[in-house]
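If you scroll down you'll find the structure; I have some questions about it.
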Amino acid sequence: MVKEIQSKSIVKIRDFVVNACNGQVMQEVCGFIGWDSPEYVATVEKNDAADPKNFFAINPASYLMFANNNDMLAIFHSHIIGDENPSEFDIKMAEACCVPFVIYSLNTKKFHIYEPSKCELNVKAFTRLKDHLK
C-alpha cells in the first residue's frame, strides 16, 4: 500500500499529500514527510486504526524504517470530517512522538501544522515545508 515520492520540489510533495488525501474520502489517509538530501520524501502508509474514519494509526515498524532512511519532518494525515485543526488526540500523539503533525482537511482544503513543544528536526527543510503548506 505504500506510495512514495521523492522530489526537490516541495510543491510536488504538497500535491502528493493533497492527492493522496483526496483519493480516500471514507477514511483518514496518513503518512510521512521527510528529507533525504537533496530531496524531500513523502510516503502514504496503511491506516491501521480500529476506527479509520475518525483516527489514524501507523505501524511502528514503518515509522522506524522511514526515520532510519530519512530526516523525519512530519507525520501527515487527513481529516475527512471537520476542519484542519488538530484534535486533542492529534496533539497528544504529536507530543508523545515528538514529531510535527501536518493535517489536511478534505472539507476546507487547508493544512494545519501542529508543532510539539519538544522536537528535533532539520530546521531549514521543515521551515521550507511550512512555508509551502500555508
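All values reported here derive from a predicted model rather than from experimental measurement.
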Out of the candidates V17, D90, N47, only one should pair with H77 under the side chain to side chain contact (heavy atoms under 4.5 Å, CB included) rule; please name it.
D90
Should F101 and I113 be regarded as members of a common hydrophobic cluster, given that ILVMFWY residues are connected when their side-chain heavy atoms come within less than 4.5 Å of each other, either directly or indirectly?
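Result: no, two separate clusters.
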Which atom pair, heavy atoms only, marks the closest approach of K53 to I81?
CE-CD1, 3.7 Å
Any E84 side-chain heavy atom under 4.5 Å of H79 side chain
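No, their side chains stay 4.5 Å or more apart.
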For the residue pair S105 and G82, what are the closest heavy atoms and their distance?
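Here S105 and G82 meet closest at OG-O, 3.0 Å.
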Over all atoms of both residues, closest heavy-atom pair of A49 and P52:
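Scanning both residues, the minimum pair turns out to be O-CD, 3.4 Å.
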For residues F76 and F56, establish whether the separation of their ring centroids is below 6.0 Å.
no
Return the CZ to CD1 distance between R128 and I13, rounded to the nearest 0.5 Å.
10.0 Å
Does a side-chain heavy-atom distance below 4.5 Å link I75 with V102?
no
Going by atom types alone, do E45 and T43 pair a side-chain donor with an acceptor below 3.5 Å?
yes
side-chain hydrogen bond (donor to acceptor under 3.5 Å, both in side chains) partners of D71, counting only residues at least two apart:
none
Could you go through R14 and L133, starting from their C-alpha distance and side-chain angles, then the distance that decides it, and tell me whether this counts as side chain to side chain contact (heavy atoms under 4.5 Å, CB included)?
CA-CA 7 Å; R14 181 187 192 281; L133 294 182; 3.6 Å; yes
Does the side chain of N85 come within less than 4.5 Å of I103's, by heavy atoms?
no
Give the intermediate values and the outcome of side chain to side chain contact (heavy atoms under 4.5 Å, CB included) for residues Q6 and Y40.
CA-CA 6 Å; Q6 289 186 294; Y40 285 90; over 6 Å; no
Worked check of salt bridge (charged side-chain N to carboxylate O under 4.0 Å, His left out) between K130 and E115
CA-CA 10 Å; K130 283 187 356 182; E115 295 180 58; 3.0 Å; yes
Go through the steps for N69 and D36 under the test side chain to side chain contact (heavy atoms under 4.5 Å, CB included), then give the verdict.
CA-CA 8 Å; N69 294 320; D36 185 15; over 6 Å; no
Can M72 be reached from I58 by stepping across I, L, V, M, F, W or Y side chains whose heavy atoms are under 4.5 Å apart?
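Yes, it is one cluster - the side chains of I58 and M72 are joined through contacts under 4.5 Å.
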Kindly determine whether I33 and V41 satisfy side chain to side chain contact (heavy atoms under 4.5 Å, CB included), including the steps that lead there.
CA-CA 6 Å; I33 302 172; V41 180; over 6 Å; no
Any donor-acceptor pair under 3.5 Å linking the side-chain atoms of N22 with those of N19?
no
Looking only at atom types and distance, does a side-chain atom of E4 sit under 3.5 Å from a main-chain N or O of V44, one as donor and one as acceptor?
no
Tell me whether V123 is reachable from L73 by hopping between hydrophobic residues (I, L, V, M, F, W, Y) whose side-chain heavy atoms are closer than 4.5 Å.
no
Applying ring pair (Phe, Tyr, Trp, His ring centres under 6.0 Å), which residue pairs with at least one partner in residues 111-134 are found, sequence neighbours left out?
Y104-F111
Could you pull out the closest heavy-atom pair between P116 and C98, with the gap in Å?
CG-C, 3.8 Å
Distance-minimising heavy-atom pair for F32 and Y63:
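The pair with the smallest heavy-atom distance is CZ-CA, 3.5 Å.
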Taking S78 for its side chain and V29 for its backbone only, find out whether a donor-acceptor pair lies under 3.5 Å.
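Yes, the answer is positive, given that a donor and an acceptor are paired below the 3.5 Å cut-off.
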If I compare all heavy atoms of I10 with all of L129, which pair ends up nearest, and what's the gap?
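Here I10 and L129 meet closest at CD1-CD1, 3.5 Å.
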